[in-house]
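Values in this document were obtained by computation on a predicted structure and should not be read as measured data. Positions are given from 1 along the sequence. Note: hydrogens, waters and symmetry copies are ignored here, and every other heavy atom, side chains too, is used.
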Amino acid sequence: MGANPTQAQGVVLFFIAFTLIALGLAADTSFVALGAGLAILAASIVLFLKCKPWEHREE
């Protein structure tokens with residue numbers, strides 16, 4: 001698996017999303033933090049799906 005900036009951005013967004021979701025659940029179900037965490041999680045999934053075709057490309 002090669003490293004590229006898009007994968008790094010996806011990992012960073014995933015960690016931020018995980019932190020926000022955990023914060024939202026710990027703060028007596030804060031819907032703002034949960035919503036933001038889920039939105040950022042969706043963005044990280046989009047970035048990972050964008051990287052997927054690059055992994056199987058022959059060079």
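In this structure, NZ in K50 is found 12.0 Å from CD in Q7, a value given to the nearest 0.5 Å.
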Distance-only donor-acceptor hits, side chain of residues 19-45, under 3.5 Å, sequence neighbours excluded:
| residue | atom | partner | partner atom | Å |
| --- | --- | --- | --- | --- |
| T19 | OG1 | F15 | O | 2.8 |
| S44 | OG | L41 | O | 2.8 |

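Following chains of ILVMFWY side-chain contacts shorter than 4.5 Å, one cannot reach F48 starting from I16, and the two form parts of different hydrophobic clusters.
Between G10 and L47, the closest heavy-atom pair is N-CD1, 3.8 Å.
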